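So the structure is just underneath, and the comments pick up after that.
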Amino acid sequence: MSAERLAGLTSWNADWRGLRVAVLGLSMTGFSVADTLTELGADVLVLSESAEQEYERLLPVIGARLELGSLAEVPAVLQEFDPEVVIASPGFSPSHPIIRWTQDSGIALWGDVELAWRVRDKVVRADGTPADWVLITGTNGKTTTTQLTATLLVEGGLRAAPCGNIGVPVLDAVRDPEGFDVLVVELSSHQLWYLGLSQPEGELSPYSAVCLNLADDHLVWHGSAQAYRDAKALVYRNTRVACVYNKSDEATRRMVEEAEVVEGARAIGFDLGIPGPSDIGVVEGLIVDRAFLDDRARSALELTTVADLDAAGLAAPHIVQNILAASALARSLGVEPEAIHTALQSFHLDAHRIEIVARHAGITWVDDSKATNPHAAASSLRAYPGAVWVVGGDLKGVDIAELVADAGRTARAAVVIGVERAAVVTAFRRHAPAVPVFEVDAGDTGQVMNRVVEIAAGIVDDEGTVLLAPAAASFDQFSSYADRGHRFAEAVRNWIDRGSADDAGVPPSAL
């Protein structure tokens with residue numbers, strides 16, 4: 001009987017009363033799930049190993065029950081609760097004991113995005129329909145492309161909201177009383193894995209979708225590169241209008257070819273080359289659309305120019321690719337070329353995304369702390385060839401050797417940080433022995449970046465670029481990639497205040 005009931009829970013106006021739901025994790029996402037379900041009248045048990053004081057205080061106020069404690073094994077309180085649905089925060093991997101228990105027990109397992117899709121009609125548009133969804137994933141560039149797409153849509157006259165993995169839970173956007181025409185949903189591979197478990201009634205059917213690129217990442221969480229790839233490919237499932245893919249990334253093309261989509265959905269390619277019909281690309285310094293116009297076989301529409309993007313600080317090749325993808329998504333929703341050109345003139349990248357921290361004494365200091373995997377770091381190195389490369393951290397099970405053998409060879413020198421320094425140093429010795437390598441073994445997080453800057457300034461004693469693009473997660477030494485970037489920027493400012501490159505210390509001998 002429970003399965004029949006769950007199959008009917010596809011509307012905010014369905015009968016959710018008394019449904020026993022266990023929510024795993026009490027972060028921003030977990031709280032949005034609990035808040036939604038209690039508003040719907042469900043019986044909600046939240047389990048978490050820790051909780052921010054505000055969430056812990058609010059849960060009983062909204063009518064949910066909280067159990068704090070170890071989740072290393074299935075708690076007795078969860079088994080006694082006998083949930084009909086378990087909704088897990090994205091951090092819970094497929095191998096987690098509670099996730100395995102849930103699946104072995106035949107209990108429905110959802111993520112927050114599936115719940116949001118099921119209740120997406122809480123606020124509807126003038127025509128009585130809920131907001132369209134545009135889905136964005138990829139190993140790198142997701143957040144930038146999500147922000148770009150939402151910006152282009154708003155400039156085009158649509159009410160659009162970026163949400164999902166970007167930091168605003170999808171459920172918060174769905175429940176916003178103002179309502180939207182389009183939700184631009186950034187999806188991590190973790191969220192997509194949970195969507196892969198959906199029964200047909202819970203499957204998303206986006207208006208348009210894109211996988212920007214694919215490279216190894218989160219292999220420990222998923223268990224294999226194939227499982228990670230399969231999760232990413234789910235972004236295209238049931239797409240209704242446009243499957244946007246990266247022509248320079250064969251994996252994304254195959255995803256589109258293999259996807260089960262709604263009849264009539266089109267494949268729209270993008271890359272930095274000359275576009276064919278049904279593509280968006282670059283021709284003699286012009287960003288052009290040959291996909292969304294009637295005579296696409298013989299003509300194209302100008303969206304902006306590379307020169308204009310350069311003036312706005314958006315001309316790095318991987319950022320241009322993000323712009324092409326966002327433009328394709330926006331054009332699929334009818335945004336005019338003029339609106340795209342106008343929006344791009346004032347768009348600014350997030351902090352810690354190839355952000356120039358300072359230019360001083362001939363040195364340009366660049367913070368790309370958000371480059372948390374090799375694919376992202378490779379893009380940064382291509383944008384700044386010959387830079388002193390600050391690299392290292394928690395490698396998340398990914399082998400950095402290929403990155404070092406390819407893009408790493410172009411570095412002027414490498415300054416290696418993090419707990420997995422040995423793997424990085426070994427990769428340079430084997431694959432880029434001509435690149436000088438300097439190791440920072442500072443155990444105090446507060447001193448790591450000060451030492452990095454001292455070493456880098458001593459290497460770049462005339463002019464050049466120092467690039468923080470770690471190709472690794474930050475949690476081995478810092479609280480987040482943002483914390484890592486902030487500390488780098490602070491160390492640069494301190495170095496400048498002390499008196500410029502003339503006062504830089506001489507770096508130790510290369511390893």
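The structure displayed is predicted, hence computed values, not measured ones.
Residues V283 and P275 share a closest heavy-atom pair of CG2-CD, 3.5 Å. Shortest non-hydrogen contact noted between V288 and E302 is CG1-CA, 4.2 Å. Residues V23 and G30 come closest through the heavy atom pair CG1-O, 3.8 Å. When every heavy atom of V320 is checked against every heavy atom of A315, the shortest pair comes out as CG2-O, 3.7 Å. Nearest approach of T137 to L192, heavy atoms of both residues: OG1-CD1, 3.5 Å. A pairwise comparison of heavy atoms in R484 and A473 identifies NH1-O, 3.3 Å as the closest pair.
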Evaluate the side-chain contact (heavy atoms from CB on, under 4.5 Å) criterion for residues T145 and T149: first the C-alpha distance (whole Å), next the side-chain angles of each, then the deciding distance (0.1 Å), finally the verdict. CA-CA 6 Å; T145 305; T149 303; 4.0 Å; yes
Worked verdict on H352 versus F488 for side-chain contact (heavy atoms from CB on, under 4.5 Å): CA-CA 10 Å; H352 317 297; F488 175 72; over 6 Å; no
Go through the steps to decide whether E454 and N450 satisfy the test side chain to side chain donor-acceptor pair (under 3.5 Å), and finish with yes or no. CA-CA 6 Å; E454 289 173 3; N450 288 331; over 6 Å; no
For E355 and L349, what are the C-alpha separation, side-chain angles and deciding distance, and is it a side-chain contact (heavy atoms from CB on, under 4.5 Å)? CA-CA 8 Å; E355 178 183 9; L349 295 172; over 6 Å; no
side-chain contact (heavy atoms from CB on, under 4.5 Å) between E114 and L195, worked out: CA-CA 6 Å; E114 178 173 349; L195 288 174; 4.1 Å; yes
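A donor-acceptor pair under 3.5 Å is absent between the side-chain atoms of T364 and the main chain of R359, judged by distance alone. Judged purely by atom type and a 3.5 angstrom limit, T239 has no side-chain atom pairing as donor or acceptor with the backbone of A242. Side-chain atoms of Q191 come within 3.5 Å of backbone atoms of S188 as a donor-acceptor pair (strictly under, hydrogens ignored). Checked by atom type and distance alone, the side chain of T139 pairs as donor or acceptor with a backbone atom of A215 at under 3.5 Å. Under the 3.5 Å distance criterion, the side-chain polar atoms of Y194 are left unmatched by any main-chain donor or acceptor of V113. Here the side chain of Y245 pairs no donor or acceptor atom with the backbone of A251 at under 3.5 angstrom. In this structure a side-chain-to-backbone donor-acceptor pair under 3.5 Å is missing from S89 to G91. T342 places no side-chain N or O within donor-acceptor distance of the main-chain N or O of A339, the cut-off being under 3.5 Å.
Residues W221 and P94 are in side-chain contact: their nearest non-hydrogen atoms beyond the backbone lie under 4.5 Å apart. A heavy-atom distance below 4.5 Å is not found between the side chains of L153 and F180.
Test L187, T144, L212, V185 against I136 for side-chain contact (heavy atoms from CB on, under 4.5 Å) and you get one pass: L212. For the side chain to side chain donor-acceptor pair (under 3.5 Å) with S189, the qualifying choice from K232, H222, R229 is H222, the only one to do so.
When the shell of 6.0 Å around CG of L68 is examined, it contains more than 12 heavy atoms from other residues, nucleotides or ligands. Taking a 6.0 Å sphere around CD of E52, one finds it holds 12 or fewer heavy atoms contributed by other residues, nucleotides or ligands. Within a 6.0 Å sphere centred on CD of E402, other residues, nucleotides and ligands contribute 12 heavy atoms or fewer.
Taking the six-membered ring for Trp and thresholds of 30 and 60 degrees, Y55 and F31 have nearly parallel ring planes, at less than 30 degrees apart.
In this structure, W365 CH2 and T465 OG1 are separated by 10.5 Å, a value rounded to the nearest 0.5 Å. Distance check: L344 CG to S327 OG gives 5.5 Å after rounding to the nearest 0.5 Å. Between the SG atom of C211 and the CG atom of N246 there is a distance of 8.5 Å, given to the nearest 0.5 Å. Atom CG of L71 and atom NE2 of H96 lie 5.5 Å apart (nearest 0.5 Å). Note that the CG atom of D308 and the CG atom of L303 stand 12.0 Å from one another [nearest 0.5 Å]. In this structure, CG on L272 lies 10.5 Å from NZ on K247, to the nearest 0.5 angstrom.
By the side chain to side chain donor-acceptor pair (under 3.5 Å) test, D289 is found to be paired with R331, residues two or more places apart in sequence or in another chain being considered.
Between R493 and D497 there is no salt bridge, since none of the side-chain N atoms of the basic residue sits less than 4.0 Å from a carboxylate O of the acidic one.
Remark: the E490 side chain and the N494 side chain contain no N/O donor-acceptor pair separated by less than 3.5 Å. Side-chain contact, S93 with S95: a donor N or O sits under 3.5 Å from an acceptor N or O. Using modelled atom types and a 3.5 Å distance limit, the side chains of N373 and N140 yield a donor-acceptor pair.
A salt bridge (Lys or Arg N to Asp or Glu O under 4.0 Å) check over residues 364-387, counting only residues at least two apart or in different chains, returns the pairs R353-D368.
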Pair up each side-chain donor or acceptor in residues 403-414 with any protein partner under 3.5 Å, not counting sequence neighbours, and list the distances.
unit_1: R409; atom_1: NE; unit_2: A405; atom_2: O; d: 2.6
unit_1: R409; atom_1: NE; unit_2: H431; atom_2: O; d: 3.3
unit_1: R409; atom_1: NH1; unit_2: H431; atom_2: O; d: 3.3
unit_1: R409; atom_1: NH2; unit_2: H431; atom_2: O; d: 2.7
unit_1: T410; atom_1: OG1; unit_2: A407; atom_2: O; d: 2.7
unit_1: R412; atom_1: NH1; unit_2: E463; atom_2: O; d: 3.0
unit_1: R412; atom_1: NH2; unit_2: D462; atom_2: OD1; d: 3.4

